[in-house]
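Written out below as structure tokens is the structure these notes cover.
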Amino acid sequence: YLNYKEHGVPFLDFRVKSGQSNINHIVYGHNMRDGQMFGVLPSYRDLSYYRSHPVIHFDTVYEEAQWKIFGVFITNTLPEHGDVFQYHNFVSPRNSAEFDWFVDEVKKRSFIDTGVDVQSDDTLLTLSTCTYEFTEARFVVVARKVREGEDATVDVTQAKAVDNPLMPDIWYKLFGGSAPAGVVSNPNPAGDFGSTVSAPDISNPELEDEATKEKEHEVLGEGSTADGENEEPIDDGAPIDGDAEGTIPAGPSGAGSGT
């Protein structure tokens, strides 16, 4: 307390009532070049990194717990970049259908199929940080708590890379490729979230890539606010050309990558 930290500290979404079950603990943190805070999160795009770190240790004042990762994805927060997946407003499911919808939306976007099962009464953990493939992008890791009596070990030999996860529209415009056939972003079956917040701005200017921003201006057209200077974050609900269909372009190297 009162000790200044240059990189800031990760923080829990104020709407989360820690200590309760069947909720989503959403934690935000900076993506730092030296790997501190959440600078390591983008490393989870690599299957070998996931296999070495399949379980997160996240404790609260109420308990010590371990969490099995089941989703790793990049998403947009600006509506001009495509449909916005409002992961940051999913705090407490209103019913099992909404819970299942959230898990399905995470998995269809995930770079890795971890093979970890998720049940509608599980408690979730979502780690969110900025990434710099496009303006106001987010890199997100989602896990579920190890259940009482369950072995915390994960059989990582069953995990596999997903060739073509669902990406935001802006990704395909910038880097080529196309969405997997028949896979779309579905609406929340429980309806709008009601009271919502914008995804917090946790960007690190040192990692922003000017070439990517220039290309973003080109594909979105003159007059776009994609540089973020005049764009207001969403508040109504919260990445070289690709080869053949069925694969996902790698995106720019280095930008926002973990160490």
Side-chain angles (χ1 to χ4, degrees), residues 1-32 34-73 87-94 96 98-100 102-103 105-107 110-131 138-159 197 199-200 202 238 258-259:
Y1 178 67
L2 294 181
N3 290 326
Y4 175 77
K5 293 191 180 297
E6 183 180 24
H7 298 333
V9 293
F11 59 96
L12 186 69
D13 191 294
F14 73 95
R15 297 165 295 178
V16 176
K17 307 301 181 185
S18 191
Q20 297 181 0
S21 61
N22 197 218
I23 61 171
N24 184 21
H25 296 76
I26 309 171
V27 184
Y28 304 97
H30 284 301
N31 176 358
M32 304 307 300
D34 60 7
Q36 293 190 57
M37 301 301 112
F38 281 178
V40 73
L41 285 191
S43 297
Y44 273 106
R45 188 172 167 182
D46 180 15
L47 178 60
S48 62
Y49 186 86
Y50 164 75
R51 285 177 169 166
S52 298
H53 309 85
V55 175
I56 298 170
H57 296 259
F58 173 72
D59 304 333
T60 69
V61 294
Y62 299 98
E63 64 176 349
E64 297 180 358
Q66 294 176 289
W67 310 73
K68 295 184 177 182
I69 295 170
F70 68 86
V72 176
F73 63 93
Y87 71 94
H88 58 285
N89 280 312
F90 181 78
V91 177
S92 181
R94 290 168 283 185
S96 60
E98 184 177 42
F99 185 96
D100 293 342
F102 176 77
V103 172
E105 291 297 311
V106 168
K107 288 187 173 183
S110 184
F111 291 114
I112 299 173
D113 178 358
T114 69
V116 171
D117 71 302
V118 186
Q119 300 175 3
S120 58
D121 60 347
D122 281 330
T123 299
L124 305 183
L125 172 66
T126 296
L127 307 182
S128 176
T129 194
C130 283
T131 188
R138 298 292 186 270
F139 195 96
V140 186
V141 175
V142 188
R144 59 103 170 146
K145 188 166 73 170
V146 174
R147 303 170 190 131
E148 186 174 355
E150 179 187 19
D151 188 344
T153 303
V154 175
D155 182 5
V156 295
T157 64
Q158 301 301 309
V197 300
I202 44 178
T259 56

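Small disclaimer: the values here were computed from a predicted structure and weren't measured.
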- Non-hydrogen atoms of Ala143 and Ile56 that approach each other most closely: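 Heavy atoms only, the tightest pair is CB-CD1, 4.2 Å.
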- Note on the structure: For Cys130 and Arg138, the nearest pair of non-hydrogen atoms, with its separation, is SG-NH1, 3.4 Å
- Message: Classify the ring geometry of Phe139 against Phe111: parallel below 30°, tilted from 30° to 60°, perpendicular beyond 60°.
- Response: parallel
- Query: Relative to each other, are the rings of Tyr49 and Tyr44 parallel, tilted or perpendicular (30° and 60° limits)?
  - Reply: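 Perpendicular, since the angle between the ring planes exceeds 60°.
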- Message: Other residues, nucleotides and ligands only: do more than 12 of their heavy atoms fall within 6.0 Å of CD on Glu63?
- Response: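 Counting other residues, nucleotides and ligands, CD of Glu63 exceeds 12 neighbours.
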So, the side chain of [X] versus the backbone of [Y]: is there a donor-acceptor pair under 3.5 Å, distance only?
| X | Y | value |
| --- | --- | --- |
| His25 | Leu124 | yes |
| Thr123 | Lys145 | no |
| Asp122 | Gln119 | yes |
| Ser110 | Val72 | yes |
| Asp13 | Arg15 | yes |

- Residues Phe99, Asp121; criterion side chain to side chain contact (heavy atoms under 4.5 Å, CB included); working and verdict: CA-CA 9 Å; Phe99 185 96; Asp121 60 347; over 6 Å; no
- Trace of the side-chain hydrogen bond (donor to acceptor under 3.5 Å, both in side chains) decision for Ser128 with Tyr87: CA-CA 9 Å; Ser128 176; Tyr87 71 94; 2.8 Å; yes
Out of curiosity, [X] [atom1] to [Y] [atom2], how far, rounded to the nearest 0.5 Å?
| X | Y | atom1 | atom2 | value |
| --- | --- | --- | --- | --- |
| Asp117 | Arg147 | CG | CZ | 4.0 Å |
| Leu12 | Lys17 | CG | NZ | 10.0 Å |
| Asp113 | Leu47 | CG | CG | 10.0 Å |
| Phe90 | Ile23 | CZ | CD1 | 10.5 Å |
| Thr131 | Phe73 | OG1 | CZ | 12.5 Å |
| Asp59 | Gln66 | CG | CD | 9.0 Å |

- Message: Leu127 vs Leu41, test: side chain to side chain contact (heavy atoms under 4.5 Å, CB included). Steps then yes/no.
- Response: CA-CA 8 Å; Leu127 307 182; Leu41 285 191; 3.8 Å; yes
- Start with the C-alpha gap between Ile69 and Val116, add the side-chain angles, then the distance that decides, and say whether side chain to side chain contact (heavy atoms under 4.5 Å, CB included) holds. CA-CA 7 Å; Ile69 295 170; Val116 171; over 6 Å; no
- Message: Is any side-chain heavy atom of Val118 closer than 4.5 Å to one of Val106?
- Response: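 In short, these two side chains do not touch, never coming nearer than 4.5 Å.
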